[in-house]
Protein chains: 2
Amino acid sequence: MTTIRDVSKLAGVSVATVSRLFNQSGYVSKEAEAAIQAAVAKLNYKPNSIARSLAGKKTAAVALMVPDILNPFFPEIARAAEDAAASQGYTLVLCNTDNNPDKEKMYIEALINKQIDGIIVSSYTISPEQIITLQKRSIPIVVIDNSFPDHPIVTITAANRYGGQLAVQHLLYAGCGKIAHICGPSHVHSARERTLAYEEMCSHLPWFTPSLTASGHFSVAGGYEAMKHIFRQHPDVDGVFAGNDLMAAGALKALHELGVSIPSQIKLIGFDGIRMDMVYPELSTVSQQIYTIGRTAMDYLIRQINNEPIEKRNYELEVELLQKATT
Amino acid sequence: MTTIRDVSKLAGVSVATVSRLFNQSGYVSKEAEAAIQAAVAKLNYKPNSIARSLAGKKTAAVALMVPDILNPFFPEIARAAEDAAASQGYTLVLCNTDNNPDKEKMYIEALINKQIDGIIVSSYTISPEQIITLQKRSIPIVVIDNSFPDHPIVTITAANRYGGQLAVQHLLYAGCGKIAHICGPSHVHSARERTLAYEEMCSHLPWFTPSLTASGHFSVAGGYEAMKHIFRQHPDVDGVFAGNDLMAAGALKALHELGVSIPSQIKLIGFDGIRMDMVYPELSTVSQQIYTIGRTAMDYLIRQINNEPIEKRNYELEVELLQKATT
DNA sequence: AACAAGTGTGCTAACGTTTTCCCAAACGTG
DNA sequence: CACGTTTGGGAAAACGTTAGCACACTTGTT
């Protein structure tokens, strides 16, 4: 391995000068620069990042903590985060927490003593206090898909409330006269918001009743069960708003099995806009530009790392109604 | 930050002794151990992994290079790899290459000078020579979903050939009399193997003709187009073997649109066994236990890192016919 | 009694950078 | 010309570990 010392010798300057050149810090004369460049090229020198991390304090590595990369929402986040990270010379460490607080703590400990430069967290179990503690240890954090309005924490979310309204409105405009809702886990911020939107829009309507809502746990199987459950009690529903696309796909499957024709008898809309081109008919959904969330999160994380000022705390990204074949 | 020196002072021993205790190397007396443990507990000391990496030569980090984490095959690999890595104290770095050789090289350079301990590679563009070069730089590699029988490279693949035979056989047993094939990219090893299996099994049958095969590029959209293309020329096909599940899903969508009833008129089978519970009817497939591939790859990678002997070079994992609703 | 092997510990030189401090020209400027 | 100031660059101390070497003390064996 060729070191900075080799370069300095060959170039006839001190290691300090070489270091200054690489870090654009301090003065380096044209001649010295040329000599160093030549030596670097000749020796194919690459600064060792481990040593650099030890001496400086930056590892050029950031982490992405997600509950489970198998949930199709997260690969898209990961892809975006990795693209953004790589483009700025950062390396992305992936952590699956399964929403298990113990695992989360383990990972956080491990990341801290690897001196990670920053963390993007998606977690439904982590507390704002935990995050603040981390920030006090001066490690930048960005939270996605969750919101802590009362704490000094940078969060990136979609306009879940507004999106929910959009979805329900779309069903109403399409002429639905009895709309069911398959909701996500109530401890999940985004799920809660979407459900609140549904209730806001529908609770005053004559047909509204709590049994039109069932929980689908944000999963295909859950959506499937919830749909069957709802249909058993309300065979006359003609619209369904699912809190995410996975549940919508599950519901679609259930409706297929029940022999319900879509969208003529029942209209169905999901939420998220995950890549689901494999289902037929294609799902209408409220798309939240997942990629943008991931990229934005990484951008703000790196800004924090660089001590650049950040204007706001809670970034809410736009959502968009995507009408496909199920409405 | 509390360092090993603080501990050594508090415990009244030298830093060497503390280091030895933490690394289980060399001798440490019971008394010294107790004193150190106490000091560690009191100071909440955690060894700094950066310094450790610089002094030792291990970073306890491994990388997973995949073409695109958005392809549902890879999150499952990533999940498995990360689980296995975490369980052994390793951290997982994720790299998306888009099968772009330049990106691959960039990442490899970056990983090398971060002194990554090992790399799991899934790439259809990387050459065995490149890998050998890396190994010569003494960085352990495991290749998944690709095979280099003539080179000293550890590879993990599924029994693609056998699986293809299984799929075709299944269709034949089910009474299919004219079987089409949607193939993947010919430069992809696993795709090629599956196609060869189809040809092996069918080329001698009376109905066989090259136009029964169309390329679907391993994507949903590709499978969709290929299916339509094939059906236009051969409305009398009654069986379709798709080279992966994504293409099978695309084909299913096309057949839906064409008004073909499944499985009565046409039977359809995919390959991979990715989580696709959202499609209806559920796809029959040849499952390759993706999670196991990922876990196995990480296991062998870590074995190489630890200089443990490895028996073979090319590990071929079993596949399994999963009959669902499309056959 | 002598010697080898095993046990326990400390010193200190790496590991490859960055960064602080200091020194020396060269360069305006009044 | 005496002076601050800018420009350029070297020496060496961090950064927090690991590991090789040296030394000392026990044991056990002949």
Side-chain angles (χ1 to χ4, degrees), chain A residues 1-37 39-40 43-61 89 109-110 112-117 138, chain B residues 1-37 39-40 43-61 89 109-110 112-117 137-138 305-307:
Chain A
M1 172 177 286
T2 126
T3 76
I4 199 174
R5 209 151 267 119
D6 302 329
V7 174
S8 79
K9 255 172 210 143
L10 184 57
V13 298
S14 77
V15 293
T17 307
V18 180
S19 175
R20 273 193 290 264
L21 180 60
F22 267 81
N23 296 291
Q24 316 273 33
S25 68
Y27 303 105
V28 177
S29 67
K30 288 288 157 226
E31 302 81 55
E33 173 165 357
I36 292 171
Q37 298 290 22
V40 164
L43 300 173
N44 186 30
Y45 168 72
K46 302 264 188 306
N48 176 309
S49 13
I50 302 286
R52 186 174 260 199
S53 300
L54 186 59
K57 251 71 191 80
K58 333 215 78 190
T59 49
E109 280 309 313
I112 285 182
N113 92 10
K114 288 217 161 189
Q115 282 174 222
I116 202 93
D117 286 344
S138 82
Chain B
M1 173 177 286
T2 128
T3 77
I4 199 174
R5 209 150 268 120
D6 303 328
V7 174
S8 78
K9 256 173 209 142
L10 184 57
V13 299
S14 76
V15 294
T17 307
V18 179
S19 175
R20 274 193 292 266
L21 180 60
F22 267 83
N23 297 290
Q24 315 273 32
S25 68
Y27 303 104
V28 176
S29 67
K30 288 287 158 228
E31 301 83 55
E33 174 167 357
I36 293 171
Q37 299 289 21
V40 165
L43 300 173
N44 187 29
Y45 167 72
K46 301 265 188 307
N48 175 310
S49 16
I50 303 286
R52 187 174 259 199
S53 301
L54 186 58
K57 251 72 190 79
K58 332 214 78 190
T59 49
E109 280 309 314
I112 284 182
N113 93 9
K114 288 217 161 189
Q115 282 175 222
I116 203 93
D117 285 344
R137 296 227 231 168
S138 82
I305 294 174
N306 295 336
N307 286 314

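Side chains included, hydrogens not; waters and symmetry mates left out as well; all remaining heavy atoms used. Just so we're on the same page: letters track the sequence lines, and every chain starts at 1.
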Atom-to-atom span, NZ of A/Lys114 to C1' of D/dT17 - whole angstrom: 15 Å

Rounded interatomic separation in angstrom, taking CG from A/Leu21 and C1' from D/dG9: 13 Å

Sugar-phosphate, base or nothing in reach of A/Thr17, heavy atoms under 4.0 Å: sugar-phosphate

Distance, rounded to the nearest Å, where A/Asn23 contributes CG and D/dG9 contributes C1': 15 Å

side-chain N/O A/Ser19 vs C/dT18 OP1/OP2, d < 4.0 Å: yes

Contact nearer the 5' end of DNA chain C, comparing B/Glu33 with B/Ala51: B/Glu33

Upstream residue (5' side of DNA chain C) when B/Lys57 and B/Gly12 are each assigned their closest nucleotide: B/Gly12

Closest nucleotide among C/dG10, D/dG10, D/dT17 to the B/Pro47 side chain: D/dT17

Shortest non-hydrogen contact between B/Leu21 and B/Val28, atoms and distance: N-CG2, 3.9 Å

For atom CD of B/Gln115 and atom C1' of D/dT17, their distance in whole Å: 13 Å

Among C/dG16, D/dG16, C/dG8, the one nearest B/Ser29 by side-chain distance: C/dG8

Sugar-phosphate only, base, or nothing, as touched by B/Lys58 at under 4.0 Å among non-hydrogen atoms: nothing

Integer-rounded Å distance: D/dA19 P and B/Arg52 CZ: 10 Å

Nearest-Å distance for atom pair OH/C1', residues B/Tyr27 and D/dA22: 16 Å

Sugar-phosphate, base or nothing in reach of A/Lys30, heavy atoms under 4.0 Å: nothing

Closest nucleotide among D/dG10, C/dG16, C/dT9 to the A/Val13 side chain: D/dG10

Out of D/dG16, D/dT18, C/dG16, whichever nucleotide has its closest atom nearest the side chain of A/Met1: C/dG16

Which residue lies more 5' along DNA chain D, comparing B/Arg20 with A/Leu54 via nearest heavy atoms: A/Leu54

Spacing of B/Arg5 atom CZ relative to D/dT18 atom C1', expressed in whole Å: 12 Å

Closest listed nucleotide, where the reference is the side chain of B/Ile4 and the choices are D/dG9, D/dT18, C/dT17: D/dT18

